[in-house]
Amino acid sequence: MKLMTIKEIFALEPDGRAVTVKGWVRTKRETKAAVFLEVNDGSRMGNIQCVFDEAAAAAANAELGRAGTGASVAVEGVLVASPAAGQKLEVRASSLRVIGEAPAETYPLQKKAHSFEFLREIAHLRPRTNTFGAVARVRNRMAFAIHEFYQARGFNYVHTPLITASDCEGAGAMFQVTTLDLERIAKSGQAVDYSKDFFGKPSFLTVSGQLNVETYCAALGRVYTFGPTFRAENSNTTRHLSEFWMIEPEVAFAELPDNMELAEEFLKHLVRTALKDCAEDLAFFDQRIQPGLVKSLEAVLDKPFAHMTYTEAVAILEKNADKFEVKPYWGLDLMSEHEKFLCEQIAGGPLFLTDYPKEIKSFYMKQNADGKTVRAMDLLVPRFGEIIGGSEREERLEVLEARIRELGLDEKAYSWYLDLRRFGTTPHSGFGLGFERLILYVTGMANIRDVIPFPRAPKLADF
RNA sequence: UCCCCUGUAGCUCAGCUGGCAGAGCAAGUGGCUGUUAACCACUGGGUCCCUGGUUCGAACCCGGGCGGGGGAGCCA
């Protein structure tokens, strides 16, 4: 590609070479002596300032009139050092071509700050703002960093299915997938005959790739998934989406401490990469969105994450019972307020909580010898709580079968999963990291609907 | 699903006890010796979310509906 991006131009010396800038106008400032056109092409946070002196402005007068905020333009000129503060480089422009106008009377974005609520209503235009451009770039870098991290450690990227015909994933309400004509069935008053459905039985969108990826873990050793996940929960919060992306590594022969070590290295790798490669965007978030963000991310890298068992945590919470709306006790599934207290007030940073009561965790988690707890781990972080949930898996066939029966689950539905224990079973462990929660954590953004391009949530599937 | 808040100009909001609809920003025009959230002056801009009611009179009070936000739960 011959056209240079603004990011590439900013890596050059201001030696008067000819440059062409193509992008979208962010703002235009006019004085008698000069017109300043700031153009952004999304390659970086900052704009490039294109300066039209009196003669150039006169020559480009008609085009300048059409080059309002949002218009797409091509500017030709030479690259020079900027005589004024604020930018090291600028383009001394000789000509301007407006490619597509954005009439101010109808273009929703103005050269002023907009609320995130308003921008959510124009999700197709919001990537043109500083904030959403920065989120998109960080999101991209983090996605790539995930692959870098696992590929460098010999993990295999496994594509688990999005459609599943087994209702045994157990991680929440599922979206049903069907090709049946619902309106006709409703009118007929007949019972649904799933043998006529596409897969010959009820099918759903996956709520987790874990059970499937365990099969490849039992063959390739180190594996991970990274893909979309669907939950039909009626969740209306700043931390939940109906469609979100999740990373799920699974490691054969790994026990819970190995699992936590991996999770800590993983999160630190992502934070380190963001600080290194997204510095300009993070500086913006630090300044405009979440003051102190960069410092708090740097602090994450400094020290080992704290560890605590559920039982220890409850003892601490009980001593501070007066601080909570819900009184803590052993056996309680911890509330948000408890989790935030533990990582913010006690640990002062990311905190692993382990060995939860088996009653509040999934059937597949490895049972401890105490008969009461399982080898689960949640990683809690300041600001919003749980970012990672994982465990060592139960690899003992009899114990897993007993647990499935105990919970009244359909044993037959899990036969392939139990085969992994029947044939060459091994200890193994894994966890799930919510990708959008990671982006919230790294950017300091407050609402999960603002860190995914097109959020899906109850009553929200526009664009 | 539950609780709370909210809906007024393109955007963000003010509007007292019910009495003629306001500001800042944005936009337009003019000015300005290089601006950078530019600055200064002027100008235009309204289905006060919809609907029913109370009242001489409703943006304001009451009922119903719709939209938006925050918190809780579920979890990643």
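By convention in this document, chain letters (A, B, ...) are assigned in the order of the sequence lines, proteins followed by strands, and residues within each chain are numbered from 1. Here the structure is a predicted model, which means the values were calculated and not measured. Excluded from the calculations below are hydrogen atoms, water molecules and symmetry mates; all remaining heavy atoms, backbone and side chain alike, are included.
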Check: B:rU12 base within 3.5 Å donor-acceptor of A:E117 side chain: no

A:S336 side-chain N/O to B:rG73 phosphate OP1/OP2 under 4.0 Å: yes

Between A:Y414 and A:F363, ring centroids under 6.0 Å: yes

A:N447 side-chain N/O to B:rG70 phosphate OP1/OP2 under 4.0 Å: yes

Separation of the P atoms in B:rC49 and B:rC16, to the nearest angstrom: 14 Å

Between A:Y224 and A:Y157, ring centroids under 6.0 Å: yes

Phosphate OP1/OP2 of B:rG71 contacted by A:R239 side-chain N/O (<4.0 Å): no

Of the listed nucleotides B:rA72, B:rU12, B:rG70, the one nearest the side chain of A:F118: B:rU12

P atoms of B:rC40 and B:rC32, separation to the nearest Å: 16 Å

Distance between C1' atoms of B:rG34 and B:rG71 (Å, rounded): 49 Å

List the atom pairs, donor and acceptor, that lie under 3.5 Å between side-chain atoms in residues 92-107 of chain A and the rest of the protein, sequence neighbours left out.
{"unit_1": "A:S94", "atom_1": "OG", "unit_2": "A:E76", "atom_2": "O", "d": "3.1"}
{"unit_1": "A:E101", "atom_1": "OE2", "unit_2": "A:R66", "atom_2": "NH1", "d": "3.1"}
{"unit_1": "A:T106", "atom_1": "OG1", "unit_2": "A:P103", "atom_2": "O", "d": "3.4"}

P-based separation of B:rG68 from B:rU54 [nearest Å]: 32 Å

A:R120 side chain near B:rG69 phosphate (N/O to OP1/OP2, under 4.0 Å): yes

Euclidean distance, atom NE2 of residue A:H114 to atom C1' of B:rG10 [Å, nearest integer]: 8 Å

Note: A:E265-A:R153 ion pair, threshold 4.0 Å (strictly below): yes

Donor-acceptor pair (no angle test) under 3.5 Å: A:E90 side chain, B:rG34 base: yes

Same-atom distance (P) from B:rU17 to B:rC62, integer angstrom: 13 Å

Polar pair under 3.5 Å, donor/acceptor by atom type, side chain A:R437, base B:rC75: yes

Watson-Crick or G-U counterpart of B:rC25, or none if no pair lies under 3.5 Å: B:rG10

Any N/O donor-acceptor pair, A:Q49 side-chain to B:rU35 base, under 3.5 Å: yes

Interatomic distance at C1', B:rA27 relative to B:rG18, whole Å: 35 Å

salt_bridge(A:E280, A:R44) N-O dist < 4.0 Å: yes

Integer angstrom distance from the P of B:rC60 to that of B:rG15: 14 Å

Distance test, side-chain N/O of A:K32 to OP1/OP2 of B:rC32, below 4.0 Å: yes

Protein-nucleotide distance (A:H338, atom NE2; B:rG71, atom P), rounded to Å: 18 Å

Gap between atoms CD and C1', on A:Q110 and B:rG24 respectively (whole Å): 12 Å

Interatomic distance, A:D462 CG vs B:rG68 P [rounded to whole Å]: 8 Å

Phosphate OP1/OP2 of B:rC32 contacted by A:T31 side-chain N/O (<4.0 Å): no

Pair A:E214, A:H428: side-chain N/O donor-acceptor within cut-off below 3.5 Å: yes

ring centroid sep under 5.5 Å plus plane angle under 30, A:F244 with B:rA76: yes

Between B:rA14 and B:rG52 - P atom distance, rounded Å: 28 Å

Under 4.0 angstrom between A:T27 side-chain N/O and B:rA37 OP1 or OP2: no

